2 protein chains.
Amino acid sequence: MEKNKDAEKDIIEAARKVFITKGFSSATTRDIAKEANVNIAMVHYYYRSKENLFDIIFEEAFKTLISSILDATNSNIALFEKIELIIHNYINTLISNPYLPNFIVNEITQNPERIEKKFKDKDIYNKVFKRLSEDIENETIKGTIREINPISLFMNILSMCIFPFLAKPIFKWVFEFGESYYGELLEERKKIITEFVINAIKKC
Amino acid sequence: MEKNKDAEKDIIEAARKVFITKGFSSATTRDIAKEANVNIAMVHYYYRSKENLFDIIFEEAFKTLISSILDATNSNIALFEKIELIIHNYINTLISNPYLPNFIVNEITQNPERIEKKFKDKDIYNKVFKRLSEDIENETIKGTIREINPISLFMNILSMCIFPFLAKPIFKWVFEFGESYYGELLEERKKIITEFVINAIKKC
DNA sequence: GTCTATAGCGGGATAGAC
DNA sequence: GTCTATCCCGCTATAGAC
């Protein structure tokens, strides 16, 4: 009876692709309809407005990016292994979703209220961070690692994992890297960052 | 005779502000004209098109961001001091221009060709990096630092400097930091990153 | 549910008077 | 140089036929 049995689903998938690669303001409902092989009116029929559709995609993307850290920090292992796990999990998530960091960072910078409106449950992130924080303090007291502010360490680790994805076109250009070589480099960074961090904090 | 003696200059300044905070696609010539206290037609009279005006701002911004690294890497000092100098210079530049990283990263991601078209003199960046690269290799041979791929080290340093600016709204939200406290934190990071990097690479 | 047609707006750009 | 008026396009959104 219908050409397209699950237009609703196709639209979401198209929206994910278009919004995440182009961002809210550059993406158009026409793009999304075309990508989904659907009439423009259908987009509004199922999702009412561009804004509403965007919110669904944004929330989903944000959770993807956050939850891969949460799992790792929560696990019951020693600090160094935990650091290794965080880095591995996070880079794996980024390799599978390379456009997410740009998308999230841009949209939040353009519209910081979105974060506060949609994610009232910030406490979760805060509590999980406290878990990591305690691990760090315990090791400091034991004397196995140097004194370091947990927030600084956390920022350093995230920075080294995410930034090479954000700045990928720039690095590729400056160093004349091909796409596949850059992929290998990102893969190798799991090990490199882990070693770098452990050397930075380990007492010797 | 004229209300506004140097509209041309006012327009550039307005364009800088509007483009850098909103990005190309969200910024409008109407925004820029308003910000410059000038009629919309004047924007086209002096700069022909939105695209053309944007290119001027983009090139200027890119050079600002790059040149602060070049100066430091080129100087004739020992590796550890050079690393310290790079980090200090770079974070100072970012504190003075906090919107630049988002602007550059976004626009290049949306339109990677822009980089290649406008900046044919990529060799400069490449050569200066080789300078740093040699310094690192020399110290490795001397045995004062651990073996590390210069590109990895370079990426790590840049990541830790820039990312906290890119992700400022997210970090402020998660950790409930106020604007002024976040400013202090960024200032402190000069020292923190320097120590972190030196500990990470120094043999002991 | 699906399509066509169209309303209604905001955008970039220019013609032409002064 | 400066301003008004206007063109024309592409966008979001909806009304209404099927």
Side-chain angles (χ1 to χ4, degrees), chain A residues 1-61 103 106-107 110-111 113-114 117-118, chain B residues 1-61 103 106-107 110-111 113-114 117-118:
Chain A
M1 212 176 278
E2 305 91 10
K3 283 179 187 171
N4 201 341
K5 254 187 94 183
D6 30 22
E8 193 169 355
K9 204 179 159 192
D10 289 349
I11 292 169
I12 275 287
E13 276 166 20
R16 188 179 298 121
K17 183 173 173 185
V18 173
F19 276 133
I20 289 180
T21 52
K22 295 195 172 185
F24 180 77
S25 60
S26 294
T28 68
T29 50
R30 282 172 162 81
D31 288 337
I32 294 168
K34 201 174 182 184
E35 178 72 31
N37 280 314
V38 145
N39 192 286
I40 316 173
M42 296 298 284
V43 177
H44 292 96
Y45 174 75
Y46 282 112
Y47 296 99
R48 309 193 56 81
S49 73
K50 182 186 173 185
E51 274 272 339
N52 187 47
L53 185 50
F54 177 82
D55 285 347
I56 296 169
I57 302 300
F58 180 82
E59 184 159 350
E60 177 194 286
F103 175 64
N106 292 348
E107 299 301 336
Q110 290 308 315
N111 202 344
E113 319 84 59
R114 215 188 306 273
K117 279 184 187 167
K118 295 282 159 186
Chain B
M1 211 178 277
E2 306 92 8
K3 283 181 188 171
N4 201 340
K5 255 187 92 183
D6 31 23
E8 192 168 356
K9 205 179 158 192
D10 289 349
I11 292 169
I12 275 287
E13 277 165 20
R16 188 179 299 122
K17 184 174 172 185
V18 174
F19 276 133
I20 289 180
T21 51
K22 294 194 171 185
F24 179 78
S25 60
S26 294
T28 67
T29 51
R30 283 170 164 82
D31 287 337
I32 295 169
K34 200 175 182 183
E35 179 72 32
N37 280 316
V38 144
N39 192 287
I40 316 173
M42 296 298 285
V43 176
H44 292 95
Y45 175 75
Y46 282 112
Y47 296 99
R48 308 192 57 83
S49 73
K50 181 187 174 184
E51 274 270 341
N52 187 45
L53 184 51
F54 176 83
D55 284 348
I56 296 169
I57 301 301
F58 180 82
E59 185 159 350
E60 178 194 285
F103 175 65
N106 291 347
E107 299 300 337
Q110 290 309 315
N111 203 344
E113 319 83 61
R114 216 188 307 273
K117 279 185 187 167
K118 295 282 160 185

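So you know, we letter chains A, B, ... as the sequences are listed, proteins then strands, and number each from 1. It should be emphasised that the depicted structure is a prediction, and the values quoted were computed from it without experimental measurement.
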Distance in angstrom units between Met42(B) CE and dA13(C) P, rounded: 16 Å

Distance, rounded to the nearest Å, where Asn37(B) contributes CG and dG1(D) contributes P: 19 Å

Nucleic acid footprint by protein, nucleotides 12-18 of chain D - heavy-atom cut-off 4.0 Å, B for base, S for sugar-phosphate alone: BBB----

Residues which pass salt bridge (Lys or Arg N to Asp or Glu O under 4.0 Å) with Glu107(B), listed by chain and number, not counting sequence neighbours: none

Listed partners of Lys34(A) passing side-chain contact (heavy atoms from CB on, under 4.5 Å), at least two apart: none

Rounded interatomic separation in angstrom, taking CD1 from Ile11(A) and C1' from dC3(C): 13 Å

Atom pair distance, as rounded to whole Å: CG in Asn39(B) and P in dT6(D): 15 Å

Spacing of Asp6(B) atom CG relative to dG1(D) atom P, expressed in whole Å: 11 Å

Shortest non-hydrogen separation from Ile57(A) to Ile12(A) and the atoms involved: CD1-O, 3.8 Å

Distance (rounded to the nearest 0.5 Å) between Phe19(B) CZ and Asp31(B) CG: 9.5 Å

Atom pair distance, as rounded to whole Å: OH in Tyr47(A) and C1' in dT2(C): 16 Å

Parallel, tilted or perpendicular: ring planes of Phe54(B) versus Phe103(B), cut at 30 and 60 degrees: perpendicular

Gap between atom CG of Asn111(B) and atom CZ of Phe24(B) - 0.5 Å precision: 9.0 Å

